[in-house]
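All chains are named by letter (A, B, ...) in the order of the sequence lines, taking the proteins before the strands, and each is independently numbered beginning at 1.
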Amino acid sequence: MARDLRFLVLAGLLLAASCESAVFSPVSESHRSAALELFSPAHGSFGSLEETYEALKTFEVLGIEKKNDLRTSSCTSVADTLRSTSSALKDFFHALRVNSILKCKLNSETFRGAESRLKGSLHDGNSLIEFYYSIGGLVLLKDQTSEVDVHLTDADRIFRSIKALGQSDGRWRLSSNNPESSNNAAGIALEALAGVISLASPHVDHSLITTLKNDILKLFDGIERYDDGTCYFDEKHVGARGHQSPLSASASVVRGITAIAAVTSENLNLPGEKILGLAKFFLGVGIPGSAQDLYHQIDALNCLENIRGSTPLILSLPATVISVTKKDQIKVRVSTVLGSPAPTLSVRLMQIFISGTKDASVIDKKLTFDAASGMHVLETLPESIDVGSYIFSFEIIFDTPEHKKNYATGGRTKVPIHITGAIKIASAEIAILDGDHGSVETQRKLNLPGDNDVALSANHLQKLRLSFDLTTPSGNAFKPHQAFLKLRHESGVEHIFLVGTSGKKFEIILDFLGLVEKFFYLSGRYDIQLTVGDFNMENSFLQPLGYIELDLPEAPEKAARPPPQPVDPYSRYGPKAEISHIFRAPEKRPPKELSLAFLGLVLLPFFGFLAGLIHLRANLKNFPKSTVPSTFASLFHLGIAAVLALYALFWLKLDLFTTLKSLGLLGMFLMFVGHKTLSHLASTSAKLKSS
Amino acid sequence: MGRSSTTKDAQALFQSLRSAYVATPNNLKIIDLYILFALFTAVIQVGYMAVVGSFPFNSFLSGVLSCVGTAVLAVSLRIQVNKDNKEFKDLPPERAFADFVLCNLVLHLVIMNFLG
């Protein structure tokens, strides 16, 4: 029982935590194991170069060393793709991306071929994707080799043709003949434009960059947000590349912004709160179930980690359930999204809200920094904090003002915190009162929580009183979520009563006179069970107290019947009652000896018959003597014997039809020989008579 | 007095019956013997039934009816082959015997079917 309750409390805590969901933790070890599981190459290589890149990038960001396992097969594939003139632009781009991580050995001829291919398609290109792949490819080439000249001389023209696809709301279209715009395309366009800026040989016109900055700010105006500060870019567009999830759209935008921030020297003035919101969104996803989603998440977080000017800092708590009995301390960790430590800063506890109310107490207390664990620790809880649920509001304050420019903290961070403790239960007693005067008839002290076994008896004119006090460790009154008294009759009928409170004191008085009807006039033994539970109460309990023997009056005729007890739902799946088959009892058979004796007895008349025949001197002298008639006579007798034998067989095993068939044949034969024999006898006797 | 005369009368009656029966032809005596044999067998089976119970009732019926049926058929045969019986004067005893055999075979087919 106690364990169940503990489980309940835990479940409640989890629920409470997930509802507010304001605690985000940076990328952890579980992401690493998920990455290893999701990106598991079949037969040593991935299906496509795109998948290979996603796996390599994820591993690189998470610091997993698996490059060498994939190098051989991937490099072969990269070289093949780059050398082939027929490979698609997309494959070309992904091959170069894989190569940017693996650094395969490729000759300068390959690079030169790739460069002319990319520049060619850049000239012919008119859709955003083509620009993206060509420019992305050239940027990658620039990083990988110095042998080829990748500078764009007509950068302004390309910039304008990409910019022409942009919409007034900051979104982008994928091609000029496709009116639908999307956030995903915006991310792609920003990345392509960043590429153009970095490749431009004479610098891109500064006014173009200024308009681009405005576009980015407009794009951020269209961001979606949740109540807890999480922000994301929604995606309604379903294009040729299939449905894009908010995760991939947001990741795409983050990649674009990071690329732009990296190539321009200007400050983009990105809204820090929204950047932090995006970081919370990517962290709030948890561990995605698919490899591609994991890539988007990790890649976007990597971009946010390295975004120039507004790297988000995440404030996380290893534990949000703090026990006052164990003297737990509130510990706060501040890190970047990927878990690397933050610069020197201090964390202040600004306000404490009582959960569920608007009350707030202003604290403004600095947390001490523990360099060994990298945590900011609140050593002692404020005086006003007792057992209960609170929302703590923390603020990050940088020690040096430069850091404020480079990091996004998003103002105050609110974290739900549960303070738990062991609740003192005092002066618990159960008593039977006399109805008229209220004088105490019997009284028992209770040991709560602990083993109790009270045995009380009462009639319908008396009352039951249960009372106890609850105080928190700091001596304040405590009001648990649940305080129930349950009476359970032998027949399974249960009655639950709420235990009322007045200040510290919890008391319930059951007046049986008013309850006889509710109790269905059921006299007898009632088990008493008390439940006191709260998820901040470490010693919540649900335990039997003993029993009370009730003597209630006889039920009048019109009284309500107790409801049928619900059948245990689990019994439906349990074994069914065994079915015993009733067979007809075998008839009594006589003893074998008796039956055998009667068999002998039945044979006796036959012997008597034979004896009688001898006595009468019966003989066979009339049997025909000459050959032919005697043969017929013998056959006649044999025929009869055969028929009788057939009958015996019929009795033993043959069925009626087989028997009748054989009988027909035998009968014909028998009639023939019988007729012969008997007519011979008749003629003999006629002759005898006439002579 | 009366009683001894009754006994005497009865004795005289049996005497006359016996002397009359002695004159019966031998073949009729054989048939009578056969009838008695069949009837006694039936009686023994009824006795067995009385002792043990009629559990395989069809078997009991088959056994008894077989005997009784045979006896009845034998009685018919006796009627037909009796020379003093003027009704069947023209009927040769061989024909009567053939009827008897045929009827017996049919009867026993049914009996065997009923025996179970």
Looking only at heavy atoms, the pair that brings B:F55 and A:R589 closest together is CE2-NH1, 3.5 Å
Does a sphere of radius 6.0 Å around NZ in A:K687 hold more than 12 heavy atoms from other residues, nucleotides or ligands, not counting ones at 6.0 Å or beyond?
-> no
For atom CD of A:E549, decide whether the heavy atoms of other residues, nucleotides or ligands shown that lie under 6.0 angstrom number more than 12.
-> yes
A:V602 versus chain B, heavy atoms under 4.5 Å apart: side chain, backbone, both or neither?
-> both
Would you check if A:L660 and B:L109 make a side-chain contact, meaning some heavy-atom pair closer than 4.5 Å?
-> yes
CG of A:L601 to CD of B:Q45: how many Å apart, nearest 0.5 Å?
-> 10.5 Å
Is atom CG of A:D451 surrounded by more than 12 heavy atoms (other residues, nucleotides or ligands) closer than 6.0 Å?
-> no
B:D90, CG: over 12 other non-hydrogen atoms inside 6.0 angstrom | no
Any donor-acceptor pair under 3.5 Å linking the side chain of B:N26 with the backbone of A:L616?
-> yes
Output for pair (A:Y647 OH, B:N113 CG), nearest 0.5 Å, gives 10.5 Å
When rounded to the nearest 0.5 angstrom, what distance separates CE in B:M112 from CG in A:L652?
-> 8.5 Å
Most heavy-atom pairs under 4.5 Å with chain B, out of A:A597, A:A686, A:S595, belong to A:S595
Cut-off 4.5 Å, heavy atoms of chain B, and the answer for A:S685 is side chain
Part of residues 56-85 of chain B lying next to chain A, heavy-atom separation under 4.5 Å | none
Could you tell me whether A:K676 atom NZ has more than 12 heavy atoms of other residues or ligands within 6.0 Å of it?
-> no
Over 12 non-hydrogen atoms of neighbours within 6.0 angstrom of NZ in A:K653 | no
Decide yes or no for B:L105 and A:L670: does some side-chain heavy atom of the first lie under 4.5 Å from some side-chain heavy atom of the second?
-> yes
Checking A:L603 against chain B: side chain, backbone, both or neither under 4.5 Å from a heavy atom?
-> neither
Chain A contacts: which residues in residues 92-103 of chain B have a non-hydrogen atom closer than 4.5 Å to it?
-> B:E94, B:F97, B:A98, B:V101
How would you list, by chain and number, every residue that makes a salt bridge (charged side-chain N to carboxylate O under 4.0 Å, His left out) with A:K486, sequence neighbours excluded?
-> A:E494
Can you list every ring pair (Phe, Tyr, Trp, His ring centres under 6.0 Å) pair that touches residues 579-624 of chain A, not counting sequence neighbours?
-> A:F598-B:Y48, A:F606-B:F37, A:F609-B:Y34, A:F609-B:F37
Is any side-chain heavy atom of A:P605 closer than 4.5 Å to a side-chain heavy atom of B:I44?
-> yes
Residue B:V51 versus chain A: region with a heavy atom under 4.5 Å = side chain
